[in-house]
Amino acid sequence: MSGADASATNTAAHTADTPQLLLEHHLKELRLPTILREYDKVARQCAVEQVDYQHYLLRITELELLDRERRATERRIRQAKFPVVKTMETFDFLAIPSMNKTLVLELARCEFLARRENVLLLGNSGTGKTHIALALGLAACQRGHRVRFTTTAALVSELIEARDDKKLLRFQKQIASYELLIVDELGFVPLSKTGAELLFEMLSQRYERGSTLITSNLPFLEWTEVLGSERLTGALLDRLTHHVHILEMNGDSYRLKQSRRKRASSSER
């Protein structure tokens, strides 16, 4: 092949590759990674099936939207800071017969978030309150809502630290932006006067602006032991219970039952 022929061949190959290179460049600039990854494979499938260009575009844009939705859900789950991911399917409702399963499944539809209603999970330790809280939080993330999970002790610690660093207002605004705030384990540790007041202020700011879910091993009458003030406790309960769903989860510890079953199974073997 002469030099002129080789040059013409290279020019033709470069020209043939240019549309593909430009297309891939544009898809990267437009941040359409799924279409970038799938456009050629889907085009070949559509050619075999003799699908017209409109249906081809429909297929690849649907893939992009589905993948974008999946990535957004994963991002919301990461931002929620769940200690572990729990689902409603893995909860043993038979272990806590006193619990209102119908209400739990209704709450899992997350319609209460639009109404800015609260949820209180009350019951003995080990009855699955945190599991249900995590499962409701996951359901909310999957339905497009912004969620934050924290324990009472961790939230109070963050509030005090933010106040000391003169960043309290910024932190309060950040917490207020979540459509669902899950505060786990209210009642495990008594709070200082400052901690109780900061927690009260935080939760009061969410009143009728966002939903708050709280788990506690204490009945309402004993919340004063944690918050240290009857006046503060009364004011907080007044706000929390105005628009509320209460789930009572009393019974034997689910974890204790599991432990007993394992020991019994081990001894039988």
Side-chain angles (χ1 to χ4, degrees), residues 80-84 86 96 98-100 103-104 107 112 116-137 147-165 168-169 171-172 174-176 178 180-256:
K81 298 185 178 181
F82 299 130
V84 292
K86 296 283 188 180
I96 310 293
S98 63
M99 191 172 63
N100 187 341
L103 177 56
V104 173
L107 291 172
F112 73 97
R116 297 176 176 82
E117 296 168 345
N118 300 321
V119 179
L120 300 179
L121 302 179
L122 308 176
N124 306 332
S125 296
T127 51
K129 298 184 299 297
T130 301
H131 187 140
I132 293 295
L134 288 166
L136 290 174
V147 179
R148 172 70 194 278
F149 179 96
T150 183
T151 63
T152 303
L155 178 57
V156 169
S157 178
E158 286 187 275
L159 285 165
I160 292 174
E161 185 178 335
R163 185 206 58 175
D164 293 345
D165 293 342
L168 182 59
L169 184 60
F171 182 67
Q172 288 173 331
Q174 178 188 341
I175 294 295
Y178 293 103
L180 176 61
L181 173 65
I182 301 174
V183 183
D184 196 26
E185 298 179 344
L186 177 69
F188 279 69
V189 181
L191 303 176
S192 66
K193 184 175 183 293
T194 299
E197 289 173 352
L198 286 171
L199 180 65
F200 170 77
E201 185 181 0
M202 172 85 271
L203 296 178
S204 294
Q205 287 174 349
R206 294 185 59 79
Y207 176 59
E208 295 190 329
R209 297 178 185 174
S211 295
T212 302
L213 187 157
I214 294 177
T215 76
S216 178
N217 62 330
L218 298 178
F220 292 146
L221 289 174
E222 296 179 26
W223 281 29
T224 304
E225 297 175 14
V226 179
L227 298 171
S229 163
E230 288 187 12
R231 178 187 59 81
L232 204 66
T233 303
L236 178 59
L237 285 173
D238 183 58
R239 288 162 174 77
L240 287 175
T241 59
H242 185 201
H243 310 289
V244 71
H245 301 278
I246 299 176
L247 281 166
E248 294 189 20
M249 301 177 63
N250 291 311
D252 293 334
S253 168
Y254 179 65
R255 288 190 290 268
L256 184 57

Would you name the heavy atoms of T151 and V183 that are closest together and state the gap between them? C-CG1, 4.4 Å

Below 4.0 angstrom, N of the basic side chain to O of the carboxylate: do K81 and E158 qualify? no

Whether the side chain of K129 engages the backbone of N124 through a donor-acceptor N/O pair (distance < 3.5 Å, no angle test) should be reported. yes

Applying ring pair (Phe, Tyr, Trp, His ring centres under 6.0 Å), name anything that partners H242, two or more places apart in sequence or on another chain. Y207

Result of checking L203, I214, L213 against L181 for side chain to side chain contact (heavy atoms under 4.5 Å, CB included): L203

Between CG of L199 and CG of L236, what distance do you get to the nearest 0.5 Å? 6.5 Å

Can you name the residues that form a side-chain contact (heavy atoms from CB on, under 4.5 Å) with P83, not counting sequence neighbours? L134, F149

How long is the span from the CG atom in L232 to the CD atom in E201, to the nearest 0.5 Å? 10.5 Å

Which atom pair, heavy atoms only, marks the closest approach of F82 to I182? CE2-CD1, 4.4 Å

side-chain hydrogen bond (donor to acceptor under 3.5 Å, both in side chains), that's the test. Do S98 and N250 meet it? Break it down for me. CA-CA 7 Å; S98 63; N250 291 311; 6.0 Å; no

Side chain of N118, backbone of L240: donor and acceptor closer than 3.5 Å? yes

Over all atoms of both residues, closest heavy-atom pair of L103 and I246: CD2-O, 4.0 Å

How many angstroms lie between atom CG of D165 and atom CD1 of I160, to the nearest 0.5 angstrom? 12.0 Å

Got a second to check how far L247's CG is from T215's OG1, nearest 0.5 Å? 11.5 Å

Testing the basics here: between V244 and L120, what is the closest heavy-atom pair and its distance to 0.1 Å? CG2-CG, 3.7 Å

R239 side chain vs A235 backbone, donor-acceptor pair below 3.5 Å: yes

With sequence neighbours left out, the residues meeting salt bridge (charged side-chain N to carboxylate O under 4.0 Å, His left out) with E185 are none

Do any N or O atoms from the side chain of S211 and from the backbone of E117 form a donor-acceptor pair under 3.5 angstrom? yes

Any non-hydrogen side-chain atom of F171 less than 4.5 Å from a side-chain atom of E161? no

Is the CD atom of E248 crowded by more than 12 outside heavy atoms at less than 6.0 Å? no

Point-to-point distance, once rounded to the nearest 0.5 Å, from CG of L122 to CG of L186: 9.5 Å

Approximate separation, where rounding is to 0.5 Å, of H243 NE2 and R116 CZ: 10.5 Å

